[in-house]
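Convention: sequence-line order gives letters A, B, ...; per-chain numbering from 1.
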Protein chains: 2
Amino acid sequence: MSLRHGLLGLLAEAPASGYDLAKRFEELLGAVWPARHPQIYGELARLRDEGLIEIESEGARARKVYRLTSEGEGELHRWLLSEPDHTLRYEPLLRSFFFWTLTPAELLDVAVAEAAHYRTLRDTYAQIAQAKEASGHTQTPSGRSVRTTLEAGVRLYDALAEWAEWVSEQARKDQSGSS
Amino acid sequence: MSLRHGLLGLLAEAPASGYDLAKRFEELLGAVWPARHPQIYGELARLRDEGLIEIESEGARARKVYRLTSEGEGELHRWLLSEPDHTLRYEPLLRSFFFWTLTPAELLDVAVAEAAHYRTLRDTYAQIAQAKEASGHTQTPSGRSVRTTLEAGVRLYDALAEWAEWVSEQARKDQSGSS
DNA sequence: ATTCCCATGTAAGCTGTTACATGATTCA
DNA sequence: TGAATCATGTAACAGCTTACATGGGAAT
């Protein structure tokens, strides 16, 4: 149940509507925990039923702004101190188990494309981090946490990029040595 | 639909029963794509209906050994050359967005525990990789692919361990400088 | 005999996605 | 007035987990 805690976490920063939260998930949290609006609206209704959030105000177009209750704050805190769920599900690494069924030429193509993808992501996160620091966004507590997560993204995708390049080098060797 | 391709990939190596496949998922593929036996049995039935796999033999205790058909082989190959789904869903990184709600002391505990977890995983994968190389498991094509995936695991968790240590250092600074 | 492992499956429920639907407001 | 964006939701389906259920075979 990470989605509910993701919502509680965002609301800990500032009150927001379902629409706002859906957007922040897409642009910010989506990189590590994707969520679509139907799921978000449903979860918000449940969180309200359980008293973890409440409606602060209602605006135009049925817009509802939610705010964290103290119960919600407690639940968020309890969650952050509990054992994390380290379950990883990442398709590109599943694929790598079956690389042996590809020819060296095919593997080379795949690995080069993967490396490019990871490099791009790494650079994107590094740039965002730099921009945040330059514009003073890292001086608020939540801004510093975003910086922390970005740092994880940079390191993670840097590692994957180096790995994919290592794979492509091996494929290149296999290719030249096999005929 | 990664589960079905994971099953096809395992069957590309050698025919196996649902039970065998469930075990291999748990011990091998589970690190990047967890799957429980009910899902596996269900998917195998569907794969058989669609002609991607077939029953090679039936043994004691209703044991059914499946084998890849040429259609299945084709589907696996097509999948490996298609665009990967780069969706990542990893709870520990979602949590890091909300680290700012913790006190420096709490964050320090969390980060130290995380670092230990990642170090352990990294070392485990490094050891398995070494053992595989020493015992000649990396000389078969599929063994070399396992080695490739293990290399990703080592690099990935090494990066996360360094990140968590970086986080814990920051928390330590905040702790000493805040009073 | 009993316990453990082998081996398969069903059923219920939860999580998450895609498609559909509706209507208000803003801007060109 | 038409298009884009705001804003919320429902319905159907797909993917995955947990609990339940059954029975054969091997070993002590």
Side-chain angles (χ1 to χ4, degrees), chain A residues 1-8 10-11 15-27 29-50 53-67 79 85-91 94, chain B residues 1-8 10-11 15-27 29-50 52-67 79 83 85-91 94:
Chain A
M1 283 191 307
S2 298
L3 174 64
R4 68 186 302 121
H5 295 106
L7 293 170
L8 293 176
L10 285 180
L11 289 173
S17 69
Y19 186 83
D20 298 335
L21 295 166
K23 266 201 306 183
R24 298 210 63 197
F25 254 92
E26 190 176 340
E27 75 190 20
L29 310 191
V32 298
W33 201 269
R36 310 297 168 120
H37 79 266
Q39 208 192 347
I40 290 171
Y41 285 120
E43 194 62 45
L44 285 171
R46 234 167 292 135
L47 285 167
R48 200 185 60 175
D49 287 347
E50 294 170 32
I53 63 177
E54 62 193 6
I55 291 177
E56 183 191 59
S57 67
E58 297 193 47
R61 301 185 217 96
R63 177 186 168 93
K64 287 184 270 297
V65 175
Y66 294 97
R67 162 199 329 143
W79 176 68
D85 177 1
H86 286 102
T87 305
L88 175 69
R89 208 183 278 275
Y90 196 51
E91 206 216 65
L94 177 65
Chain B
M1 281 192 307
S2 298
L3 175 63
R4 69 187 300 121
H5 295 106
L7 293 170
L8 293 177
L10 285 181
L11 289 174
S17 68
Y19 186 82
D20 298 335
L21 295 166
K23 266 200 306 182
R24 297 210 63 196
F25 254 93
E26 189 175 341
E27 74 189 23
L29 310 191
V32 296
W33 202 270
R36 309 297 169 128
H37 80 265
Q39 208 193 345
I40 289 171
Y41 284 119
E43 194 61 45
L44 285 171
R46 235 168 290 135
L47 286 168
R48 201 186 58 174
D49 287 348
E50 294 171 32
L52 299 180
I53 63 176
E54 60 192 8
I55 292 178
E56 182 192 57
S57 67
E58 296 192 49
R61 301 184 217 96
R63 176 186 169 93
K64 287 186 268 299
V65 175
Y66 295 97
R67 162 196 336 141
W79 175 68
E83 249 316 281
D85 177 1
H86 286 101
T87 305
L88 176 68
R89 207 182 277 276
Y90 196 50
E91 206 215 67
L94 176 65

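Within the 3.5 Å criterion, the main-chain N or O of Arg46(B) finds no donor-acceptor partner in the side chain of Asp49(B). Arg89(B) places a side-chain N or O within donor-acceptor distance of the main-chain N or O of Pro34(A), the cut-off being under 3.5 Å.
Taking 4.0 angstrom as the limit, Tyr19(B) places a side-chain polar atom (N or O) nearer than this to OP1 or OP2 of dC6(C). In terms of phosphate contacts, Lys64(A) brings a side-chain nitrogen or oxygen within less than 4.0 Å of OP1 or OP2 of dG9(D). OP1 or OP2 of dT17(D) lies within a sub-4.0 Å distance of a side-chain N or O belonging to Arg89(A). Of the side-chain N and O atoms in Arg63(B), none sit less than 4.0 angstrom from OP1 or OP2 of dT8(C). For dT8(C), the OP1/OP2 oxygens have a side-chain nitrogen or oxygen of Tyr41(B) closer than 4.0 Å.
Rounded to whole Å, atom P of dA7(D) lies 13 Å from atom OH of Tyr66(A). Distance Arg46(B) CZ to dG9(C) C1': 14 Å, rounded to the nearest Å. When the P atom of dA11(D) is taken as reference, atom CD of Gln39(A) falls 17 Å away, rounded to whole Å. Spacing between atom CD of Glu43(B) and atom C1' of dG15(D) amounts to 9 Å, rounded to whole angstrom units. Glu26(B) has its CD atom 12 Å from the P atom of dT17(D), to the nearest Å. In this structure, CG of Leu44(B) is placed 15 Å from C1' of dC16(D), rounded to the nearest angstrom. Distance CE (Met1(A)) to P (dT18(D)): 12 Å, rounded to an integer number of Å. The CG atom of Leu94(B) sits 11 Å away from the P atom of dG16(C) (whole-angstrom rounding).
Among all heavy-atom pairs drawn from His86(B) and Glu83(B), the shortest one is CE1-OE1, 4.2 Å. Considering all non-hydrogen atoms of both residues, Arg48(A) and Glu54(A) come closest at CG-CA, 4.5 Å.
Here Glu91(B) pairs with Arg95(B) under the salt bridge (Lys or Arg N to Asp or Glu O under 4.0 Å) rule; sequence neighbours left out. Remark: Ser57(B) pairs with no residue by the side chain to side chain donor-acceptor pair (under 3.5 Å) rule, at least two apart or across chains.
Nearest-nucleotide assignment on DNA chain C puts the 5′-proximal partner with Ser17(B), out of Ser17(B) and Pro34(A). Toward the 5' end of DNA chain C, the nearer of the two residues Thr87(B) and Val65(B), judged by each one's closest nucleotide, is Val65(B). Along DNA chain D, the nucleotide closest to Trp33(B) and the one closest to Lys23(A) are compared, and the more 5′ of them pairs with Lys23(A).
No salt bridge links Glu26(A) with Lys23(A); every basic N to acidic carboxylate O contact stays at or beyond 4.0 Å.
Residue contacts for Arg4(A): at a heavy-atom cut-off of 4.0 Å it reaches no nucleic acid atom on any strand shown.
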Exercise for the section: Would you give a per-nucleotide map of nucleotides 21-28 of chain D, 5' to 3', where B means the base has a protein non-hydrogen atom under 4.0 Å away, S means only the sugar-phosphate does, and - means neither? Expected result: --BBS---
